[in-house]
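By convention in this document, chain letters (A, B, ...) are assigned in the order of the sequence lines, proteins followed by strands, and residues within each chain are numbered from 1. Quick note: numbers below take in every heavy atom, side chains included, and nothing from hydrogens, waters or symmetry partners.
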Amino acid sequence: MNPTRKRRIYNILFVLLFSISGIFMILYSLNTNLDYFFTPSELNNKEISSNKRIKIGGMVLSGSVKRQGSVISFVITDYENSIDVIYEGIVPDLFKEDSGVVALGYLQNDIFEAEEVLAKHDENYMPPSIEIKNDN
Amino acid sequence: MFQVERAYKFILYSSLIIYIVSLIWGLLFTQEDFVQGNSYRIIYLHVPASFLSQSLYISMAVASFVYIVWRVKLAAYLVISIAPIGALTTFIALTSGSIWGIPTWGTWWQWDARITSTLILFIMYLGLISLHSSFSNYEKADKLLSWLAIVGAINIPIIKKSVDWWSTLHQSASITLTDKPSIDPSMLYPLIGSMIGFFGIIISLVIISSKYQIFLREKNKSWIKEYV
């Protein structure tokens, strides 16, 4: 290969190397701040003041959903730690026990008062008839 | 040029047929999803568009590399021809994702890592287009565009891995090279069909767009005058 082209390839690699390490350092320093939500286990190791709005995510513990009028209470768990959540309002259609959920709100004395509840679904897609087969 | 014209028509019509057939198959002849019901069907637009928005960027970066190293003019034409089509597919991916988000997540927009990095991709496409058009000298514009396109390619692995590196509202990938797809075959086949069809439609758009670019840049050449 002629030297000019070789030099251009080295230039590109050089620029890429520097920008990749730059981006990597930014992402590394932001680290968990880029996480969309905390898991209950992460909350356990952190001191979070009650006036800071946070998001927690995990699975809705089966059998934990209780409704009282428009107030709904449930437990978000990551199967190691869990946290009680209360919420007043309408939950999305996909909200159900044993499925993913993200709640936005304030942590008050170990109870999470949610202002917004979003459903998180997983990467599995299948028709209902197959799910019944899998259960058997 | 005439062979290209024929190939282009063949690609466009056959991929339109493939996409429409896959859409009809996916929308009418598959069962609904066990959790999401009918709203999962937007997958037949969202996944092809998102896939193409990233693939187009990678091809832009490869063409930029070829232009910077070997100074192939056609590669530079290809870079600026792909950019608006990439912006279009990213826009489709973002909009269809938002529409999908309302019934499933309960929100149309959240600043999670996957959604935000895709928005950055969209803004990058728009930035590259407006940067190129702000120069009156084509050669300078091509050089700067190629360099920026290569540096911006760092965003692609970030988009791809965002769902694994951080906790996101967006679910992780259903189709991967290594594992068995976590989407049922009855839904997977029309999805693959729609991806192939959409891919072909976008390829023919890229052909039209680069044809326009060649005409624009080479308009004073004698072979263009003969062709027109």
* **Under 4.5 Å from any heavy atom of chain A - which part of B:Ala153** => neither
* Taking side chain as C-beta onward, heavy atoms only, is B:His170 less than 4.5 Å from A:Tyr36? -> no
* Asked: Should we say atom CH2 of B:Trp165 is surrounded by more than 12 heavy atoms from elsewhere, each under 6.0 Å from it?
  -> yes
* With only heavy atoms counted, which part of A:Asp122 is less than 4.5 Å from chain B, the side chain, the backbone, both or neither? -> backbone
* Asked: Considering residues, nucleotides and ligands other than B:Glu32, do more than 12 of their heavy atoms fall under 6.0 Å from its CD?
  -> yes
* Could you tell me whether the side chain of A:Ile23 reaches within less than 4.5 Å of the side chain of B:Ile158, counting heavy atoms only? => yes
* From B:Trp70 atom CH2 to A:Ile9 atom CD1, the distance as rounded to the nearest 0.5 Å -> 5.0 Å
* Is there a donor-acceptor contact under 3.5 Å from the side chain of B:Asp33 to the main chain of A:Met126? -> yes
* **B:Leu169 to A:Ala119 - nearest heavy-atom pair and separation** => CD1-O, 4.0 Å
* Atom OH of A:Tyr79 with >12 non-hydrogen neighbours under 6.0 angstrom -> yes
* Quick one: OG on B:Ser39 to CG on A:Asp93, what's the gap to the nearest 0.5 Å? -> 8.5 Å
* To do: Could you tell me which portion of A:Lys55 (side chain, backbone, both or neither) has an atom closer than 4.5 angstrom to a non-hydrogen atom of chain B?
  => side chain
* Of all heavy-atom pairs between A:Glu123 and B:Ser174, which one has the smallest distance, and what is that distance? -> O-OG, 2.7 Å
* Asked: Would one find more than 12 heavy atoms of other residues, nucleotides or ligands at under 6.0 Å from atom CD1 of A:Ile90?
  -> no
* B:Phe135, CZ atom: more than 12 neighbouring heavy atoms under 6.0 Å -> yes
* How long is the span from the OG1 atom in B:Thr104 to the CG atom in A:Leu94, to the nearest 0.5 Å? -> 6.5 Å
* Please state whether the side chain, the backbone, both or neither of B:Trp111 comes within less than 4.5 Å of a heavy atom of chain A. => backbone
* Asked: Is the side chain of B:Ser167 donor-acceptor paired with the backbone N or O of A:Phe37 at a distance under 3.5 Å, no angle test?
  -> yes
* I would like to know whether A:Ile12 and B:Val69 meet side chain to side chain contact (heavy atoms under 4.5 Å, CB included); could you show each step before the answer? => CA-CA 9 Å; A:Ile12 292 176; B:Val69 177; 3.9 Å; yes
* Side chain from CB out, backbone as N, CA, C, O: work out which of these in B:Pro181 comes under 4.5 Å of a heavy atom of chain A, or both, or neither. => neither
* Asked: Under 6.0 Å from the CG atom of B:Asn137, do we count more than 12 heavy atoms belonging to anything else shown?
  -> yes
* So, do B:Val35 and A:Tyr125 sit near enough that their side-chain heavy atoms are less than 4.5 Å apart? -> no
* Structure fact -> Taking every heavy atom of B:Trp105 against every heavy atom of A:Lys120, the minimum-distance pair comes out as CD1-CA, 4.5 Å
* Any idea which heavy atoms bring A:Pro127 and B:Met187 closest together, and the distance? -> N-CE, 3.6 Å
* Count the heavy atoms of every other residue, nucleotide or ligand shown that sit under 6.0 Å from CZ of B:Phe122, and state whether that count exceeds 12. => yes
* Relative to chain A, which segment of B:Ile150 carries a heavy atom at a distance below 4.5 Å: side chain, backbone, both, or neither? -> both
* To do: Counting only heavy atoms closer than 4.5 Å, note whether B:Ile43 contacts chain A via side chain, backbone, both or neither.
  => side chain
* **Nearest-0.5 Å distance that lies between atom OG1 in A:Thr4 and atom CZ in B:Arg71** => 10.0 Å
* Interface moiety of A:Asn2 toward chain B, non-hydrogen atoms closer than 4.5 Å -> neither
